[in-house]
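What follows is a single structure, written as structure tokens, with notes after it.
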Amino acid sequence: MYALPCDGGGAFYNDIFTGQDLKMTEKTENAASQPDQEFAKKAGDRVEPLLTHLDTGDHEIEKDKIKTHFIQLWEFEDGENLSSEDQYLTTIALFMYASHNHMDDANIRIDKAREF
């Protein structure tokens with residue numbers, strides 16, 4: 001989809017696959033960018049045990065940022081609708097992705113993990 005200018009107060013989108021014009025209201029924009037509280041809690045509870053074992057040595061990291069990124073990715077992957085096996089593997093993969101991105105952004109490199 002691509003955005004087009006709109007006079008009506010909200011983004012106006014044209015779906016390139018169907019050719020239909022879609023108008024995104026403020027409510028839809030907020031819903032698309034912000035997961036609901038129950039969903040965020042369930043996704044956050046899924047990653048919390050992994051975050052407790054994340055050790056970066058002397059470096060301080062903001063685990064809440066990793067958790068927030070994980071929740072966004074979990075929503076994007078539609079994790080709640082996956083099979084239990086796929087949920088398990090997706091949880092691990094998204095945790096690794098989110099934590100490595102955050103540590104890379106913070107310029108943290110842990111060589112101890114690479115020794116094994």
Side-chain angles (χ1 to χ4, degrees):
M1 295 197 312
Y2 56 92
L4 299 171
C6 174
D7 296 342
F12 186 69
Y13 290 94
N14 182 280
D15 188 333
I16 60 174
F17 298 110
T18 64
Q20 292 179 334
D21 292 333
L22 306 170
K23 184 175 180 183
M24 212 171 181
T25 64
E26 186 175 319
K27 180 180 178 185
T28 309
E29 288 173 354
N30 289 339
S33 64
Q34 192 74 358
D36 66 22
Q37 295 291 349
E38 183 181 330
F39 177 84
K41 181 174 177 359
K42 284 176 70 175
D45 289 346
R46 180 173 293 280
V47 75
E48 196 64 44
L50 296 171
L51 285 171
T52 59
H53 294 286
L54 182 62
D55 180 18
T56 57
D58 295 337
H59 304 285
E60 295 223 4
I61 59 169
E62 296 177 46
K63 292 183 180 181
D64 287 339
K65 284 187 177 182
I66 296 172
K67 187 175 182 179
T68 302
H69 192 197
F70 176 88
I71 292 168
Q72 292 169 344
L73 293 169
W74 186 257
E75 181 182 30
F76 178 77
E77 292 293 332
D78 196 20
E80 293 300 317
N81 294 323
L82 298 173
S83 68
S84 61
E85 295 87 9
D86 287 341
Q87 282 185 347
Y88 175 77
L89 294 173
T90 304
T91 298
I92 294 170
L94 294 180
F95 168 73
M96 290 171 57
Y97 179 78
S99 61
H100 278 90
N101 276 345
H102 180 68
M103 288 191 293
D104 190 41
D105 289 346
N107 202 20
I108 298 171
R109 183 174 168 191
I110 306 297
D111 290 323
K112 184 169 94 173
R114 294 179 174 89
E115 292 176 2
F116 296 102

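This one's a predicted model, so the numbers in the text were calculated from it and none came from an experiment.
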Original post:
Of the non-hydrogen atoms in Pro49 and His53, which two are nearest, and what is the gap between them?
Top reply: O-CD2, 3.1 Å
Subject >> 4.5 Å side-chain heavy-atom contact, His102 and His69 >> reply: no
Original post:
What is the minimum heavy-atom distance between Ile71 and Ala43, and which atoms define it?
Top reply: CG1-CB, 3.9 Å
Subject >> Rounded distance [0.5 Å steps], CG in Leu89 versus CG in Leu82 >> reply: 10.0 Å
Subject >> Closest approach of Met96 to His100 (non-hydrogen atoms, all atoms of both residues) >> reply: O-ND1, 2.7 Å
**OP:** Please round to the nearest 0.5 Å and tell me the distance separating atom CG of Asp36 and atom CD of Glu75.
**Re:** 8.0 Å
Original post:
Do other residues, nucleotides or ligands put more than 12 heavy atoms under 6.0 Å from the NZ atom of Lys42?
Top reply: no
Subject >> Separation between CD of Glu48 and CZ of Phe70, rounded to the nearest 0.5 Å >> reply: 11.0 Å
Original post:
Side-chain donor-acceptor pair under 3.5 Å between Asn101 and Asp104, yes or no?
Top reply: no
**OP:** Quick one: closest heavy-atom pair of Asn81 and Gln87, and the distance?
**Re:** N-NE2, 4.5 Å
Original post:
Run the side chain to side chain contact (heavy atoms under 4.5 Å, CB included) check on Leu50 and Thr91 step by step: do they pass?
Top reply: CA-CA 9 Å; Leu50 296 171; Thr91 298; 4.0 Å; yes
Original post:
With a 4.5 Å limit on heavy-atom distance, are the side chains of Leu54 and Ile66 in contact?
Top reply: yes
Original post:
If you measure from CG on Asp78 to CD on Glu80, what distance do you get to the nearest 0.5 Å?
Top reply: 8.5 Å
Original post:
Between CZ of Arg46 and CG of Leu51, what distance do you get to the nearest 0.5 Å?
Top reply: 13.5 Å
